[in-house]
Amino acid sequence: MDKTFDPSRVEAQWCQTWEADGCYQPSGSGKPYSIMIPPPNVTGTLHMGHAFQHTVMDALTRYHRMAGFDTLWQPGTDHAGIATQMVVERNLKLAGEPSRAELGREKFLDKVWEWKKYSAGTISQQIRRMGSSVDWSREAFTMDPAYSKAVVEHFVRLHEDGLIYRGKRLVNWDPVLQTAISDLEVVQEEENGKLWHFRYPLANGATYVNAEGETLNYIVVATTRPETMLGDTAVAVHPEDERYQHLVGKTVMLPLCNREIPIVADDYVDPAFGTGCVKITPAHDFNDYALGQRHKLPLINVLTKAAAINDDVPEPYRGLDRVLARKKVVADLEALADSTASAPITSTEEGKPVYPRGLVDKIVDHKLKVPRGDRSGAVLEPYLTDQWFVDLIRETRHDGQPGNGGLRAITKPAIDAVESGRIRFVPDNWKTTYFHWLNNIQDWCISRQLWWGHRIPAWYDGAGQVYVGRDEAEVRAKHGLAASVPLKQDEDVFDTWFSSDIWPMATLGWPENTESLKKYYPSSVLVTGFDIIFFWVARMVMMGQYFQQDVPFKDVFITGLVRDPEGNKMSKSKGNVLDPLDVVDGITLDALIAKRTTGLMNPATAPKIEAKTRKDYPKGIEAVGVDALRFTFAALATNGRDVRFDAARAEGYRNFCNKIWNASRFVLINVGALDAETGEATAAVSLDGEVTLSTADRWIISRLQKLEAEAAAHFEAYRFDLLAASLYQFIWNEYCDWYLELTKPVMQGSDELAKRGARRTLVRVLEVWLRLLHPIMPFITEEIWQKVAPLAQKTGKTIMLEPYPVANPERIDEAAEADVEWLKGFMLGVRQIRGEMDIPPGKPVPVLIQNTSAADAERIARFESSVSFLARLESIRVLGAADEAPQSATALLGSMKILVPMAGLIDKAAELARLAKLKAKLENDLKMNEARLASDKFVNGAPAAVIDKERARVAQQKAELATLSEQEARISAL
RNA sequence: GGACAGUUAGCUCAGUGGUAGAGCAUCGCCUUCACACGGCGGGGGUCACAGGUUCAAGCCCUGUACUGUCCA
């Protein structure tokens with residue numbers, strides 16, 4: 001064994017061995033425990049967020065596997081329709097290859113499959129390297145043949161049950177990708193815009209008198225979308241708005257189009273917004289659409305799929321992009337001088353237009369929410385198209401057949417699953433988010449005008465009649481359509497989430513009722529981020545409840561987001577992403593900068609990204625290994641909080657690995673299994689036979705029981721941060737700092753029974769602790785366990801399949817723990833004197849003890865040799881009450897005085913300062929405590945036990961203070 | 001506008017009623033035979049603010065401020 005732990009060597013070896021030996025596959029007859037991986041998108045490679053969640057899932061998987069469960073972690077990837085199609089299109093462009101349109105559907109899809117193979121391969125390699133113990137024999141992809149069959153099946157069944165419909169509806173349209181998207185894929189961003197006020201002349205020369213007493217022949221409408229006025233089919237006012245009530249039922253002449261449109265009353269209109277008159281464009285606004293339905297208004301679509309103006313408007317606007325159209329509409333309205341409603345067209349001296357001007361009444365600045373596509377970033381248009389929807393809000397079937405509509409069939413059961421506690425969110429507060437969304441849900445648009453995805457299993461005949469079925473043959477058979485009747489399959493594909501919503505079922509073989517499905521459904525826990533609670537979590541619950549009449553998972557553990565050191569979200573465009581393997585293997589600053597600044601959508605940001613990278617990682621990133629990275633994630637996985645990734649912390653845990661490594665070397669050397677000089681393995685001494693267990697042995701065994709109990713509790717509560725802290729603290733601050741040190745004098749002594757006791761305890765405690773740590777740090781624990789286990793008479797092939805340690809309360813030894821606490825206090829006293837009196841650590845010192853209690857005296861006798869060894873004491877002498885102590889530096893352990901004679905060497909000022917400091921703190925505390933005891937409220941109100949404790953504390957502090965004062969007087973007198 | 005979360009040591013964060021903790025950073029001493037990716041010791045916090053409940057509040061309640069996220 002080398003002196004320094006080298007992660008890369010052991011990682012490569014164990015990944016292969018575990019997988020080859022089938023350790024990742026479910027086995028045994030224990031209770032099933034299963035986790036379905038949230039399938040990563042085949043859009044590239046895994047990021048820190050994946051590595052984080054995989055660490056959590058693998059820790060849970062390994063823990064339950066060791067704890068005897070029949071454990072399955074199901075792997076796989078998601079085809080991710082829009083996202084993947086975009087990546088491939090961009091790659092084609094960068095490579096100068098023919099575009100999607102030029103290739104055509106079939107050839108383009110070949111390219112996507114090629115990319116999918118590459119991406120899924122990279123992802124699986126990354127998962128393997130992280131040590132994730134997924135069952136590769138079950139690896140799935142959402143477009144596998146079997147999976148695709150399940151996707152079709154769940155669509156057809158929902159359709160048969162009257163829960164799917166096709167209809168011409170206003171949907172969110174992405175004019176860049178030229179597809180419909182769902183409500184969830186829309187991000188609303190506040191942007192600076194304008195509110196244009198237009199005059200619409202009343203038709204037939206009508207006039208009215210406004211509140212100011214002016215006679216007007218027009219009304220003013222306010223809009224943020226001037227170009228849509230070409231599709232206006234009404235003007236609306238609030239029914240109780242006295243300003244306009246008398247105009248309801250009259251008409252206005254729509255400028256530029258010269259169409260007569262009605263003035264309607266509807267309480268959707270906010271009289272306080274703008275002028276209180278709203279232009280209504282039912283084909284291009286969701287609210288207007290609803291209003292149009294109520295008033296039976298015609299719909300005039302004025303846009304093409306690319307959001308240019310179509311041919312259903314006056315000639316001058318046809319073919320214009322929506323931005324240009326907006327400018328032209330406003331300019332034309334401003335220039336309209338021939339309308340009776342027009343204002344004079346004037347300009348300031350500087351040539352700036354003066355409003356009102358023509359038919360433009362005024363233009364004011366306005367902040368508005370602009371809807372953009374979450375993938376393309378394009379400004380979306382509400383657009384009227386034929387799409388497929390899942391009914392989620394109707395009471396009864398939309399087709400009039402008997403049965404429940406989506407509200408009762410799908411939405412309510414999903415709410416009920418969480419409300420009833422059958423699904424538990426961790427942390428709990430996420431269920432509020434879940435309920436809020438489901439209680440305000442709309443029908444789900446599941447068709448996408450893309451090529452990459454599952455083709456919708458619907459066929460059209462020449463008359464436009466649509467037939468749904470599992471395949472064309474079934475459709476023909478079911479509807480009696482002869483082979484001569486031409487049928488054409490729907491060109492569109494499903495929303496990606498309409499395939500991943502059955503992930504927990506379809507990966508187990510659904511719709512077949514397979515053994516796997518029976519055994520591993522519902523899964524035990526879903527580990528995911530809050531960002532896909534709506535997209536994915538809720539929809540899996542819907543489908544699971546609908547098709548399996550059971551929840552898809554029992555717990556939902558919501559992890560925080562992994563952020564950069566400044567707390568920003570990591571994203572490629574911000575240039576702050578980290579590849580988890582770059583933390584594992586290390587990367588130079590230059591290489592990291594190169595990685596972050598190549599292939600940028602906007603190359604102009606490169607200098608900024610470089611500067612930030614130089615600031616965050618001035619020396620690049622040191623290699624820390626997989627175990628350290630996993631431990632870092634575990635330690636930072638506080639419930640309900642985002643994780644700021646801190647490379648320094650990962651380095652700290654790399655050091656921790658080294659500590660473990662060297663502690664193990666110590667153990668192996670001390671049982672003779674390792675040659676300290678050569679690093680070669682040797683034959684260990686026998687640990688069989690009778691032993692004596694020292695206080696230290698009993699202490700560390702006792703502490704281990706408590707650690708085992710904590711570990712179980714922390715797994716149960718998903719508190720990986722506390723688990724990591726407990727494991728860290730035990731091995732470093734207890735086992736290494738104290739227990740190992742306490743065994744050293746034993747090993748140098750001649751008591752063979754005590755030596756064997758110490759050796760056996762060293763080995764056994766380490767062996768158990770390695771198993772406790774294994775779920776978080778699989779590699780180093782396996783590597784060391786292989787060497788330590790035989791000494792503990794363990795014969796298993798791998799630590800992975802060994803039982804997870806369970807606490808034995810009978811081995812808790814409070815007396816031993818109290819003894820060791822006393823011993824630590826004694827050591828601290830001597831070390832403080834050494835430190836502050838500048839006594840070199842190697843120089844043996846004599847120690848005098850005064851003011852001992854009976855218990856002190858007994859412990860001194862018992863631990864004399866240990867303490868002398870560890871504190872490098874020359875001697876320990878207990879002074880009687882009458883004995884005069886020489887001039888010394890003092891430390892206190894309770895009221896016992898630990899004196900180190902300074903024989904004239906004492907720095908009087910330094911020692912007085914030290915004592916004064918101790919006294920000041922003590923006096924402060926004492927004053928506070930005495931005040932509390934003097935308070936009637938406290939004495940009358942607090943429980944007796946608390947009062948007793950307080951009294952004892954005050955007595956103790958008084959005694960300590962007296963001792964300190966006495967010592968202070970003695971030193972002053974020198 | 002509504003909802004949720006956060007505000008504790010220089011930094012990143014634990015701490016669900018009984019005198020504030022960790023890691024990193026920092027200062028001093030030490031290359032002592034497991035480990036300098038180490039050991040020992042030290043310094044550093046009016047727990048965002050204001051009220052309230054309680055014998056007792058970082059913790060419970062109310063309000064305010066700021067930060068972040070989601071929804072409208």
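- For A:D270, there are no side chain to side chain donor-acceptor pair (under 3.5 Å) partners, not counting sequence neighbours.
- Listed by chain and number, the residues in a salt bridge (Lys or Arg N to Asp or Glu O under 4.0 Å) with A:D374 amount to none (sequence neighbours excluded).
- Summarising the geometry, the separation between CZ on A:R665 and C1' on B:C33 is reported as 11 Å, rounded to the nearest angstrom.
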* **Per-nucleotide protein contact string for nucleotides 18-25 of chain B, where B marks a base within reach and S marks sugar-phosphate only (heavy atoms under 4.0 Å, - for neither)** => BB---S--

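- When the salt bridge (Lys or Arg N to Asp or Glu O under 4.0 Å) test is applied to A:D582, the partners found at least two apart in sequence or on another chain are A:K595.
- In terms of the ring pair (Phe, Tyr, Trp, His ring centres under 6.0 Å) criterion, residue partners of A:Y718 (sequence neighbours excluded) are, by chain and number, A:F557.
- A donor and an acceptor atom sit less than 3.5 Å apart, one in the side chain of A:K659 and one in the base of B:C35.
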* Asked: Using Watson-Crick and G-U wobble pairs whose two distances are both under 3.5 Å, how do you write the pairing of RNA chain B as dot-bracket, with | for links to another strand?
  -> ((((((((.[[[[.)..(..]]]].(((((.......))))).....[[[[[..)....]]]]]))))))).

Contact list (N/O, under 3.5 angstrom) for nucleotides 5-10 of chain B vs protein:
{"unit_1": "B:G6", "atom_1": "O3'", "unit_2": "A:R641", "atom_2": "NH1", "d": "3.4"}

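- Following rounding to the nearest Å, A:R654 (CZ) and B:C37 (P) show an atom-to-atom distance of 8 Å.
- For the side chain to side chain donor-acceptor pair (under 3.5 Å) test, residues two or more places apart in sequence or in another chain that qualify with A:N662 are A:R665.
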Report each atom pair, protein N/O against N/O of nucleotides 70-72 of chain B, whose distance is under 3.5 angstrom.
{"unit_1": "B:A72", "atom_1": "N6", "unit_2": "A:K369", "atom_2": "NZ", "d": "2.2"}

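- Pairs passing the salt bridge (Lys or Arg N to Asp or Glu O under 4.0 Å) check and including a residue from residues 425-435 of chain A, sequence neighbours excluded, read A:D428-A:K431.
- Taking the salt bridge (Lys or Arg N to Asp or Glu O under 4.0 Å) definition, one finds that A:R225 meets it with A:E227, A:E381, sequence neighbours left out.
- Among residues two or more places apart in sequence or in another chain, the salt bridge (Lys or Arg N to Asp or Glu O under 4.0 Å) test is passed with A:E783 by A:R9, A:K787.
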